[in-house]
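By convention in this document, chain letters (A, B, ...) are assigned in the order of the sequence lines, proteins followed by strands, and residues within each chain are numbered from 1. Owing to the predicted nature of the structure, the values given are computational and were not obtained by experimental measurement.
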There are 2 protein chains.
Amino acid sequence: MSNTLSSTTLTNNYPSLGCSPTPAAPTSFSPQQRERLAYKPTLPAVLASGVCVLTHGEVLKPENDADRLKELFPSTFGLPTSHFTTEASSGNNASSSTISFKSSTPLRVGCVLSGGQAPGGHNVISGLFDSLKAMHPDSVLFGFMDGPRGLFKGNFFEITPELMDGYRNMGGFDIIGSGRDKIETPEQFAGAKEVAQRLNLDGVIIIGGDDSNTNAAVLAEQFEQSKLRTRVIGCPKTIDGDLKITGQMDISFGFDTACKTYSELIGNVCLDALSSGKYYHFIRLMGRAASNITLECALLTQPNVTLIGEEVAARNQNLSSVTEEIVHTILEREKLGKNYGVVLVPEGLIEFVPEMNVLLHEINELLASGTSATVEAVADELSANSAALFHYLPASIRKQLIADRDPHGNVQVSLIETEKLLAETVQHELHRLHKQGKYKSHFSPQFHFYGYEGRCGLPSDFDTEYCYALGYNAAALVRFQQTGLMSAVLNLDAPVSSWTCGGLPITALMNLERRHGKDKPVIKKALVELKSLPFKTFAANREAWAVGDKYRCCGPIQLGHYGDKVDLCKTLSLELKEQKESKKTT
Amino acid sequence: MSNTLSSTTLTNNYPSLGCSPTPAAPTSFSPQQRERLAYKPTLPAVLASGVCVLTHGEVLKPENDADRLKELFPSTFGLPTSHFTTEASSGNNASSSTISFKSSTPLRVGCVLSGGQAPGGHNVISGLFDSLKAMHPDSVLFGFMDGPRGLFKGNFFEITPELMDGYRNMGGFDIIGSGRDKIETPEQFAGAKEVAQRLNLDGVIIIGGDDSNTNAAVLAEQFEQSKLRTRVIGCPKTIDGDLKITGQMDISFGFDTACKTYSELIGNVCLDALSSGKYYHFIRLMGRAASNITLECALLTQPNVTLIGEEVAARNQNLSSVTEEIVHTILEREKLGKNYGVVLVPEGLIEFVPEMNVLLHEINELLASGTSATVEAVADELSANSAALFHYLPASIRKQLIADRDPHGNVQVSLIETEKLLAETVQHELHRLHKQGKYKSHFSPQFHFYGYEGRCGLPSDFDTEYCYALGYNAAALVRFQQTGLMSAVLNLDAPVSSWTCGGLPITALMNLERRHGKDKPVIKKALVELKSLPFKTFAANREAWAVGDKYRCCGPIQLGHYGDKVDLCKTLSLELKEQKESKKTT
């Protein structure tokens with residue numbers, strides 16, 4: 001194996017550090033994977049110039065809890081944003097520093113993949129890798145294995161050029177694996193510090209979602225307080241699209257590919273519904289906490305009914321009103337002779353229905369206080385409203401809620417297949433209308449859940465370029481001794497070479513939330529904004545989509561064929577449009 | 001609307017024929033759809049030359065039941081195969097006829113989409129359309145609406161150039177809709193004849209699977225016996241891949257796109273399993289009667305376990321031995337520290353398990369003879385073997401079999417979610433081994449079903465070209481007064497321009513099967529051949545795939561980027577290779 005030598009060398013160099021031999025690169029590739037392996041992403045000009053100028057911008061403050069956050073992050077709170085510029089454009093800005101991208105000494109950086117997979121993770125790592133090697137050919141990138149645990153346990157290996165070349169532009173997180181641990185306990189922080197010190201790391205890059213970036217900020221603070229030279233930089237990863245802040249960090253990676261992958265399938269199902277004319281397809285989409293994925297897929301495919309959790313919550317809708325909304329469309333379509341359609345449902349919809357949360361809370365309390373775990377016993381003791389809702393639920397769901405509880409005895413709302421629940425309540429209502437002669441067709445539902453399919457695909461052109469830039473930029477921030485920042489690549493509707501790069505202080509995205517009886521600093525999730533242009537665009541069109549069949553088939557993602565600009569997802573392009581318009585008016 | 005004039009004209013021309021106005025072309029397209037709409041398929045040279053030479057080849061005989069079939073098809077049995085050649089290559093063959101592709105009179109042809117959707121249906125129709133218009137600009141293509149019913153009920157409209165241009169290279173069957181009726185009763189045959197006569201049709205093209213092509217042959221026979229001038233040609237459609245005959249008609253359309261669509265998803269799920277390292281993904285694939293789709297997807301993606309129904313039947317495996325096969329792989333993987341994997345299951349697997357068929361038959365008999373429809377009552381009266389199997393089934397499946405029966409009172413095996421059944425029996429067995437200390441991990445399954453997603457996608461390059469050629473060729477066969485043939489396009493591993501075209505007598509594919517107490521002529525389904533190169537290739541590799549992670553991500557289908565030859569699916573390219581090798585040795 002070509003990489004045996006280097007890993008042996010490294011292992012010998014750090015015999016006591018627990019460094020594993022670098023694994024062999026994969027050997028099994030499809031023709032398309034081989035083609036993509038050879039692809040070279042474009043680099044934004046500010047990073048490609050060889051000379052980097054870092055300018056500090058405004059000091060961003062969190063919207064809420066600034067004082068408490070300052071107490072929690074004494075060393076890293078109140079950092080300014082950072083922006084890379086080219087030498088020429090920097091002028092004589094006093095707050096800027098200029099250095100050659102090339103370094104006289106090698107850099108030593110470790111990276112972690114944290115949480116669920118998202119397409120583009122390998123490109124963040126190849127961006128990091130190429131950036132570090134461009135700074136100094138002897139720079140070393142370590143991969144911490146299987147998530148944050150690899151950092152605090154000291155399980156890692158060196159990412160060699162041979163290994164890296166087996167993962168360029170590939171989907172998956174399999175180069176180093178991922179994991180859902182957090183660095184939380186004092187022992188874990190001590191472990192992370194020890195590993196960083198013994199490996200003499202210049203930087204640690206945490207590639208993850210909101211919680212993982214919160215974790216990156218805490219780690220940065222701890223390292224600063226301990227006067228470690230190791231800098232900590234986060235990279236925004238999540239297919240959920242709920243990690244973003246207007247104009248500062250416009251999108252997390254993976255959302256684009258995931259939504260386009262789901263939309264390919266949704267579009268196909270729409271045409272299938274239209275062609276056979278006999279099924280209602282209920283499609284559940286991954287995304288428990290936010291409906292961003294569902295909104296994006298709706299904008300791309302224009303199905304008949306789309307439920308957005310945030311709207312259901314804002315309207316204080318109950319389950320029967322959500323059901324009626326679907327039934328209304330089915331009846332309208334029946335008038336046009338259409339006994340088919342497509343309904344999109346976000347995975348987490350149930351948790352957005354306010355009355356459902358009350359019911360779940362009541363059941364948990366009853367079971368905890370000794371009520372016997374049967375449907376009848378629970379039903380007897382519920383409040384009137386909750387009892388009515390419980391009764392409204394299909395029998396199978398009632399049973400499931402009582403029977404399948406988690407180790408703490410709580411009902412597991414995540415087990416409920418929302419699309420089947422809704423199809424059952426819809427069927428029940430249609431049956432009632434049928435008896436009254438108000439509905440004549442036969443309602444025949446089909447079910448789909450799209451989730452895992454979208455997390456490890458070959459990254460789209462957008463995610464390919466964006467992730468490479470995020471990684472390349474993250475290493476550059478380490479080179480400039482920055483810490484507690486998230487890698488931020490902006491100006492995304494411009495050609496890739498004109499994308500801007502810099503860092504965003506993570507604490508500026510935080511607020512305090514009560515978790516397990518304690519105030520915890522967390523990054524606020526970016527839910528679907530009902531006043532945003534993406535939602536308003538959807539809302540303005542949904543009536544036309546409900547009855548007319550305006551289905552769009554996005555088709556399979558096409559790779560490497562973009563011209564000047566990569567294709568942005570609808571949500572992002574509408575949000576950028578909105579930002580520009582709001583700048584014009586202010 | 002641009003097409004109002006022509007449809008009005010036609011409706012006025014045929015006021016008493018029930019001709020509907022041509023609907024408006026769709027207006028809602030994704031950017032990729034728009035790009036594909038403008039794409040022009042390549043035409044095989046034999047059809048593009050403007051002069052057509054039709055040569056008759058050998059008279060193909062069915063493998064079995066030739067005498068009985070001759071009785072059933074007195075006018076159309078024993079037809080020779082037909083091949084188009086160019087003028088130059090035809091020589092002085094006595095059995096060939098040469099005519100200019102251009103016709104002095106317009107042709108009148110109707111087409112039907114029959115059965116489930118398959119990518120490429122619109123290309124068959126655009127091939128037909130362009131072929132007819134190339135023969136004479138005033139030729140007319142009628143679309144019979146919503147399947148064969150449109151033909152015998154006389155529901156149709158003219159396909160205008162404007163309408164056609166809204167469906168070129170698109171997925172779906174929505175231009176005229178599809179339906180699952182057959183033309184079976186004397187009234188239905190009379191209806192079809194009347195419509196063909198009143199519309200003065202030169203030809204009817206039936207685009208469908210094995211049953212629909214059988215139906216085309218019966219219709220051709222009936223039309224011949226009635227001395228109608230209307231010719232009937234079939235086109236081989238089915239994603240199931242079970243309509244083919246070695247060297248005569250190598251593949252049905254839609255199989256290629258469907259398998260590549262599913263394989264994109266399977267590959268993504270494989271990488272997801274590998275990256276997170278904690279789930280066994282059980283993926284059920286559409287295909288009740290044959291496992292061709294599952295085999296193709298396995299060859300493309302190389303998952304850990306693939307079950308092939310035909311092999312299960314050939315080995316006379318029971319459910320517990322299928323379960324043990326999966327468990328064996330899980331245990332082997334555990335030894336390597338791998339607690340994840342991917343299992344492919346054909347939708348129809350259960351029906352291939354011999355003991356399961358016995359059980360289902362017994363249950364149906366018991367319920368028909370008055371046994372009370374409860375799990376306990378049925379269990380009491382089953383034979384010892386069937387009772388043991390019934391007991392082995394998960395409780396939920398036992399209940400479902402007894403409770404959810406079809407209108408005839410029969411158990412509905414199609415409702416069983418095979419992947420969940422197998423995961424439950426596997427879990428049960430692992431639990432037993434766990435108690436014995438022979439399995440230590442936590443088994444965590446995830447479920448997927450891919451079916452509808454693959455039937456209406458944008459056709460792959462192969463299906464785009466193949467379907468267009470099938471349609472163009474079908475019209476040419478009508479021009480040469482051929483009937484009872486299936487459109488056959490061969491030499492598929494050559495560049496598209498060198499594909500050969502002709503017709504295959506449908507009766508040569510038939511045998512007699514006992515259905516509803518009668519001998520019915522049917523086309524024999526092409527099941528997975530355990531001696532074929534595709535299966536042998538799979539069998540030779542599966543042990544390596546089981547424990548090593550040799551996953552391949554095919555990625556999303558790339559369109560319109562092929563060079564000289566289109567990318568063939570694995571099954572087809574291996575079968576063509578095998579054909580060539582067998583020709584060499586004979």
- Query: Do any N or O atoms from the side chain of B:Gln33 and from the backbone of A:Gly555 form a donor-acceptor pair under 3.5 angstrom?
  - Reply: no

Okay, B:Leu559 and chain A: the region with an atom under 4.5 Å from a heavy atom over there is both

ask   = Between B:Asp174 and A:Asp549, is a side chain to side chain contact (heavy atoms under 4.5 Å, CB included) present by the stated rule, with each step listed?
value = CA-CA 11 Å; B:Asp174 45 315; A:Asp549 296 336; over 6 Å; no

query: With distance as the sole test, does A:Ser178 use its side chain to make a donor-acceptor pair with the main-chain N or O of B:Ser276 at under 3.5 Å?
result: no

Under 4.5 Å to a heavy atom of chain A? For B:Phe449 that would be neither

**Item:** Main-chain N/O of A:Pro556 paired with B:Gln32 side-chain donor or acceptor, under 3.5 Å
**Value:** yes

So, the part of B:Arg36 with a heavy atom under 4.5 Å from chain A: the answer is neither

Residue from A:Gly451, A:Ser28, A:Ser275, A:Ser30 scoring the most non-hydrogen pairs under 4.5 Å with chain B is A:Ser275

Okay, B:Lys260 and chain A: the region with an atom under 4.5 Å from a heavy atom over there is neither

So, the part of B:Thr261 with a heavy atom under 4.5 Å from chain A: the answer is side chain

Counting heavy-atom pairs under 4.5 angstrom with chain A, the leader among B:Cys553, B:Gly177, B:Gly171, B:Gly179 is B:Cys553

If we ignore hydrogens and angles and just use 3.5 Å, is the side chain of A:Gln558 paired with the main-chain N or O of B:Ile557 as donor and acceptor? yes

Honestly, the part of B:Tyr551 sitting under 4.5 Å from a heavy atom of chain A is backbone

